[in-house]
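Worksheet: one structure, shown below.
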There are 2 protein chains.
Amino acid sequence: MDKREQLLAAATKLFVERGFHATPTSAISKEAGVSAGILFHYFKTKDDLITDLYVDLKKEYTNVILKDIDKLTSDVSKIRLIWSNSWNWGLENPIKFQFLLQADNSIYSESIKNHPEIIAKYHLFGEIIQGYIDNKVITNIDIYFLMQSMFALITSIIKHLTLNPALKNDQAFIEKAWELFYNYLKP
Amino acid sequence: MDKREQLLAAATKLFVERGFHATPTSAISKEAGVSAGILFHYFKTKDDLITDLYVDLKKEYTNVILKDIDKLTSDVSKIRLIWSNSWNWGLENPIKFQFLLQADNSIYSESIKNHPEIIAKYHLFGEIIQGYIDNKVITNIDIYFLMQSMFALITSIIKHLTLNPALKNDQAFIEKAWELFYNYLKP
DNA sequence: TTTTTAATTGACTAATCAGTCAACAAAAGT
DNA sequence: ACTTTTGTTGACTGATTAGTCAATTAAAAA
């Protein structure tokens, strides 16, 4: 019954349904079932709410991506787990993922660039990718370009599977999608 | 001195700079150097302005993509021209492209889905891709998934080149990026 | 030329919204 | 028990905004 969490969940839903511009704070507090004033107790301004939510969800997403990779030994199987962890989260959290896409392509993406925890996560990924390049399982090109491409490809899988949910269990499609993904990366 | 065009240009700029929610129609007409009322002469509502602009720019972008491909003979060189036409437009029109990204990931993306001209363009691309699949120069997988992936990869190139403008003339990088792109597509 | 139609203005308004605040309630600290 | 801090409410407000409209000008048609 954490009201801050209720507000963030309500905000995620409404921002995705209506967009930032058509979602008044009054609608958020109403959807969350709390008073109008309490929103400004937890978040100084509406923009603060948006950036806090953005950072929260980005952290949640990036934390999932590396789940269980230390249980695997081969580099390629690790890359594959990063790949499937990523799109699985997107499929299991479609509203949260849609919010992240919306925020990533909005003016709010600027406000997250300086956030220390996000920067740290970015660096961590960069180092992991660089390791795979050094081990010659990923082709040698700018790691930031690689990360951006990888995220873009994973996003297109999530969009396609969200539109065609039956494909989630279509092993042939998943294998083929993985094949294309790794063909992009391999040296 | 077409006022409708002036309004659309001003709107593109301001929406990218401030976002939909923080761009009042008064700011758009001011930026365009016209009266406040005329905006509602050309566009019934602010939402109409946004969707009209979205459709206009999507058409402009998609029209460029196929430029000059009939001057080429081999399928692979055609795919490469589609690829470079795409990211060149994004680099030459960064604000327009950023607006398209923003709109594509916002609630307004719904309002474009039923637009006949956009649907027609989508079908045309689908048929072209299907032709390449039939000719065995592109791997056989759902064409809508392929189109989404291709657009995603091209977007990541545009983002990376916009962030690192010097790379535009770095022939080694461009070649390498093309190599990865076609590795993704080829059978 | 005269009439009709379309473009353009900017002051105006009704509605909406982000954020405040005084009051109260609950918890935590002493 | 009592004091302080923290959480919570909802009515309120000043500012802003989308959209209107009567009036004016320009263009096109008759």
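Quick note on labels: first sequence line is chain A, next is B, and so on, each numbered from 1. These figures come from a predicted structure and were not determined experimentally.
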- With the side chain of A:Lys46 defined as its heavy atoms from C-beta on, choose the nearest nucleotide among C:dG19, D:dT8, C:dT8. C:dG19

- Atom CD of B:Glu5 and atom P of C:dT8 are separated, to the nearest Å, by 13 Å

- Interface with DNA chain D, restricted to residues 21-34 of chain A and to heavy atoms under 4.0 Å: A:Val34

- Item | Contact list for residues 124-153 of chain A, test salt bridge (Lys or Arg N to Asp or Glu O under 4.0 Å), sequence neighbours left out | none

- Message: Output the rounded distance in Å from CG (A:Leu7) to P (C:dA18).
- Response: 13 Å

- May I ask you to check whether over 12 heavy atoms, not counting those of A:Ile119, lie within 6.0 Å of atom CD1? yes

- Item | Whole-Å gap separating P (C:dA7) and CG (B:Leu39) | 15 Å

- Is there a donor in the side chain of B:Lys78 and an acceptor in the side chain of B:Thr73, or the other way round, less than 3.5 Å apart? no

- D:dT6 P sits how many Å from A:Arg4 CZ, rounded? 17 Å

- Matching residue for A:Arg4 among A:Leu49, A:Asp52, A:Leu39 - test: side-chain contact (heavy atoms from CB on, under 4.5 Å): A:Asp52

- Item | Whole-Å distance separating the NZ atom of B:Lys3 from the P atom of D:dA27 | 10 Å

- Could you tell me whether B:Phe43 contacts a base, only the sugar-phosphate backbone, or nothing, with contacts defined as non-hydrogen atoms closer than 4.0 Å? nothing

- Minimum-distance nucleotide to A:Ser35 side chain [options: D:dT8, D:dG19, C:dT8]: D:dT8

- Closest to the side chain of B:Phe40, out of D:dG7, C:dT8, D:dA18, is D:dA18

- Among all residues two or more places apart in sequence or in another chain, which pass the side-chain hydrogen bond (donor to acceptor under 3.5 Å, both in side chains) test with A:Asn164? A:His160

- Are any of A:His41's side-chain N or O atoms less than 4.0 Å away from OP1 or OP2 of D:dG7? yes

- Message: Does any part of the side chain of B:Leu66, heavy atoms only, come nearer than 4.5 Å to the side chain of B:Asn85, both counted from C-beta?
- Response: no

- Can you tell which of B:Asp104, B:Asn93, B:Val16 makes a side-chain contact (heavy atoms from CB on, under 4.5 Å) with B:Phe99? B:Val16

- Message: Quick check on C:dA7: is either OP1 or OP2 less than 4.0 Å from any side-chain nitrogen or oxygen of B:Tyr42?
- Response: no

